[in-house]
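One structure is given here, and the rest of the page talks about it.
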Number of protein chains: 2
Amino acid sequence: MKGKATSFDIAHYAGVSQSTVSRALRNSPLVNEETRRRVHDIAKQLNYKVDKNASNLRTQQSSTLALLLFEDPTADGSQINPFFLAMLGSITRACATEGYDLLVSFQSTSADWQADYEDSHRADGIILLGYGDYIDYQAKFSSLIEQNTKFVCWGASVDNRSDLTVSCDNYGGGELAATHLLKASRKDCAFIGDASEHSPEFFARYQGFKDEFNRHGISLSERKMANAISTEESGYHATRSLIANNIHFNSLFAASDLIAIGAIRALKEAGIKVPEDVHVVGFDNIAVASYVNPPLTTVQQDTTLAGQMLVGNLLKLIRGEVVENTLLPPSLIIRGSSF
Amino acid sequence: MKGKATSFDIAHYAGVSQSTVSRALRNSPLVNEETRRRVHDIAKQLNYKVDKNASNLRTQQSSTLALLLFEDPTADGSQINPFFLAMLGSITRACATEGYDLLVSFQSTSADWQADYEDSHRADGIILLGYGDYIDYQAKFSSLIEQNTKFVCWGASVDNRSDLTVSCDNYGGGELAATHLLKASRKDCAFIGDASEHSPEFFARYQGFKDEFNRHGISLSERKMANAISTEESGYHATRSLIANNIHFNSLFAASDLIAIGAIRALKEAGIKVPEDVHVVGFDNIAVASYVNPPLTTVQQDTTLAGQMLVGNLLKLIRGEVVENTLLPPSLIIRGSSF
DNA sequence: CTGAAAGCGCTTACAG
DNA sequence: CTGAAAGCGCTTACAG
């Protein structure tokens, strides 16, 4: 036989019609058991696999989800944020469990990104993953919603009316970090990260943190905040600039682990000891966090559960079921950087 | 308009035939420039995207590559080896550059893995990524080759006759590590990793290392070798067992960075100082390597180039061009664990 | 430069 | 339980 076998080839060998082959392969109850078995046997012998393009075209669905991974354009080109890599892993697993394929696409937020995976029938739905600087893309998102594209966002709501979100309880995570530092009386705290509406996740972490401090009658100083995107490099420079400006603090909350790791490097370089002089708390609990020196105390996000919820909710949305925004509980992992 | 627009809708609005629309959208030179422009405008207005299922079915190709990521079943389920994650990133980028989509699938080597992406026309070719324990799967690979499936393997040759491989020069990398340790007169060396035909990459690293030692008149002791798969945990336990057996050494070469990191933990725990008492060299240069304490000396694999070569070679294979096995040069990154 | 028509390989309503 | 037939939305050889 030349080329791949088709259902017609099987029909020929099985002595039935192609329709019956199709039914048999899909285990339709309409088909006689013996016929079903014969068809399956022949299919196996011929190494037949249903042509996905044909079946997708016919059924108008793809059994595929697309993952768009948004990266900060200023981040180091070669390194992808390990937190998202972990998410990618859990999303892939969750897709496999549900019998879906996963199409992965990195999107540089600087470029004109494209989400035509559903329009072109390559995917039934889209998962958006990134540190949530979705503001600039509001227009694009609106059109996604208008076109009734099925998608779910990680981290932050894009358009509070109509999109679906799965996120960590970033506000609650900020509170956890604050409670921890307050317990150790490390009340003079710096914050590193972009606490603006451009980084809704970072902003929520900061808010929870700040509110908890406020409840203890302590207000965080604006002067002790430094802007940073989620890279080690950026955390390093932000912390350096605080030090260079003679800003003092005895604890530091970083909006992400990468930032925290960069901050620790800057502190060490300046002769400031962690944790003796400054307690440091990060966010994410990436794999590296336990290996840095000192090991990093951090607010953990459950990536396995996150992946399952993203995929699960998206599939519900595709099936037309009712879905609600999901908030996942964070947990504090205490390590050497804060005691 | 209900549902997605089709080329017939555009034809209707543009006042031309559907054939012309198809040609215009594909920028066929046969089409009148003004017609072409009009069709494109209308397509944009209707937010039309070519249905990939239909075009793939028609052209019998998918513009998609599949990446099968093999994991060691004994590895921690949640954590994916960071080296492969880095490869995944560079492969995704390389695919995007070439205009291909990437389908990602994790395969547990314990389970009966499937490579029907090409058979089912979901992908034009397959990339296999893993630490190369392909021996048990020889039969499966043979059938892939028989069925003329287009695939390229990372790391190690599967079937020396007919498959295509891109790999790091693991042997040369082993030599680099040996040369480095010999220069510091750390001649009493332990090796951690599976140096058997089940891990061809690890085996080659060990061979290069051993041969370089031999050229200096030093033979490595079998007693100073311990088996480990590529996890921190496994490296930790392997090293612990050496220590428990009172095996002495003043340097340690680990088959991967994760193993090396676990080894360092075991050494520290036993009160053995790195690098003072034992110099440690790893392999891969994963992101963590520079953050551990002490920072890890390691043999770097160029993942960016690796991704480009895997994708590039696979596409050549698909196009029927001549392709040869590719060996990428490693480089030594010297850090605090070895001086 | 354009159009009518065939056909890629399936799934499924319809008829028996 | 089975078969003949329509049709998913394209691409492209063929005819003009």
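Quick note: numbers below take in every heavy atom, side chains included, and nothing from hydrogens, waters or symmetry partners. It should be emphasised that the depicted structure is a prediction, and the values quoted were computed from it without experimental measurement. Per chain, numbering begins at 1; letters A, B, ... match sequence-line order.
The P atoms of D:dC1 and D:dA5 are separated by 24 Å, rounded to the nearest whole Å. One C1' atom belongs to C:dG16, the other to C:dT12, and the distance between them is 16 Å to the nearest Å.
Under 3.5 Å, the side chains of A:Ser28 and A:Arg26 contain no donor-acceptor pair of N or O atoms. Remark: the A:Thr6 side chain and the A:Asp51 side chain contain no N/O donor-acceptor pair separated by less than 3.5 Å. A donor-acceptor pair shorter than 3.5 Å can be found between the side chains of A:Ser105 and A:Tyr117. Remark: the B:Ser17 side chain and the B:Thr20 side chain contain an N/O donor-acceptor pair separated by less than 3.5 Å.
No side-chain heavy atom of B:Asp302 sits less than 4.5 Å from a side-chain heavy atom of B:Leu328.
A salt bridge is defined here as a Lys NZ or Arg NE, NH1 or NH2 lying under 4.0 Å from an Asp or Glu carboxylate O, and B:Arg37 with B:Glu34 fails to meet this definition. Classification of B:Asp124 and B:Lys150 as a salt-bridged pair fails, no side-chain N sitting under 4.0 Å from a carboxylate O.
Residue pairs that meet the salt bridge (charged side-chain N to carboxylate O under 4.0 Å, His left out) test with at least one member in residues 304-328 of chain A, sequence neighbours left out, are A:Arg319-A:Glu321.
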Under the rule of Watson-Crick or G-U wobble with both distances under 3.5 Å, where | means paired to another strand and [ ] a crossing pair, DNA chain C maps to |||.||||||||.|||
Expected string for nucleotides 7-14 of chain D under the B/S/- scheme (protein heavy atoms, under 4.0 Å, primed atoms plus P, OP1, OP2 as sugar-phosphate) is BBBBBBBB
